[in-house]
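The structure under discussion appears below in the form of structure tokens.
In this text the structure is predicted, and so the values were computed from the model without any measurement. Positions are given from 1 along the sequence. When a ligand or atom number is given, it counts from 1 through the structure's own listing order.
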Amino acid sequence: MTIIADTSLDLARRIRARSLRMVHEARASHIGACLSIADLLAVLYSQTLRVDPVNPNRPDRDRFILSKGHAAAVLYAVLAERGFFPARLLRQYCKDGSIFAGHCSHAVPGVEVSTGSLGHGLSIGAGMALAARRDKFATRVFVLTGDGECNEGSIWEAALFAGHHRLDNLVAIVDHNGLQGFGKTEDVLNPSPLAEKWRAFGWCAVEIDGHDHAQIGKVLSEVPAECGKPTAVIAETVKGKGVGFMENQLAWHYRSPDAEQLQLALVEVEGPS
Ligand SMILES: Cc1ncc(C[n+]2csc(CCOP(=O)(O)OP(=O)(O)O)c2C)c(N)n1
């Protein structure tokens, strides 16, 4: 299985632009959540994950689960860019009868698990990691969660399970952008200090800048960060990253860009046409 070489920065730009167009055309929500993780996905899919679009069901592949399934648009975009399906199909995002549901659907090639009800991805990922170890596969399982999602009790049950079973083929990446749907994460139900909490559950926790491709690539290439422990990567991010008027603005959790806002955003992401 080869990891396709790509400039992760170019890939991040392309999937930001695709997400903006998809969300605009569908009049959908969650663009801020997509932009927050575009850099993480770009590095994962260009440098880290051992996945094969030609043979997507290889049993020894790595697994990626987007547990914050409301950011489906950017996952579909990166999968199209990596050749799991033709990019023209992205126009079906959020359309009636389409497989490209507004929250991640495993009907879409390359999507491992349907998500959207927050809090479930890590439990599923822990089960996959345990199964892979028992099957003696070199599979690694990466689960991306929101920081607001860390309000869910099921996250911490899965964390306890993974620490107990010493699942060092499991990686949780927390998108620590400080905002959730209706407010600041610290005001709604503060999960901080995150790194200390993961450590207390038997994980090795590292904190990185979630928009710095070199840092992301380095930490993900070195997992497990500590032998015999699952790895938690606390990625400091900005919700809406890459589009100035969306950055750190709660409204863009639910708002959809109109035609004028789309053009302004695309100029920032792609440069003037
Ligand atoms: C179990 C569950 N409760 C509530 C929601 C509604 N919801 C959708 S997105 C969201 C906020 C999630 O915040 P966070 O995990 O920080 O993700 P981000 O906003 O950074 O994308 C909520 C509460 C949901 N999808 N699932």
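When Lys184, Gln180, His176, Glu152 are checked for heavy-atom proximity to atom 1 (C) of ligand 1, Glu152 turns out nearest. The residue from His103, His30, Glu149, His70 that puts a heavy atom closest to atom 17 (O) of ligand 1 is His70. Between the choices His120, Lys68, Lys239, His253, the shortest heavy-atom distance to atom 19 (O) of ligand 1 belongs to Lys239.
At a heavy-atom cutoff of 4.0 Å, ligand 1 is contacted by no atom of Thr145, backbone or side chain.
Using a cutoff of 4.0 Å between basic side-chain nitrogens and carboxylate oxygens, Arg16 and Asp39 are scored as salt-bridged.
Distances from atom 6 (C) of ligand 1 to the protein include no heavy-atom value under 4.0 Å.
Taking every heavy atom of Ala33 and a limit of under 4.0 angstrom, the matching atoms of ligand 1 come to 21 (O). For ligand 1, the atoms lying closer than 4.0 Å to a non-hydrogen atom of Gly181 are 11 (C).
Among pairs with a residue in residues 102-140, those fulfilling ring-ring contact (aromatic ring centres under 6.0 Å, His included) read His30-His103, at least two apart in sequence or across chains.
Using a 4.0 Å heavy-atom cutoff, Ala71 is absent from the residues neighbouring ligand 1. Ligand 1 lies less than 4.0 angstrom from a heavy atom belonging to Ser117.
The aromatic rings of Trp156 and Phe201 are tilted relative to each other, their planes meeting at an angle between 30° and 60°.
When the side-chain hydrogen bond (donor to acceptor under 3.5 Å, both in side chains) test is applied to Arg255, no partner is found at least two apart in sequence or on another chain.
Other residues, nucleotides and ligands place no more than 12 heavy atoms under 6.0 Å from the CD atom of Glu157.
A donor-acceptor contact under 3.5 angstrom links the side chains of Glu149 and Ser67, judged on distance only. Side-chain atoms of Asp60 and Thr139 form no donor-acceptor pair, as typed in the model, at a separation below 3.5 Å.
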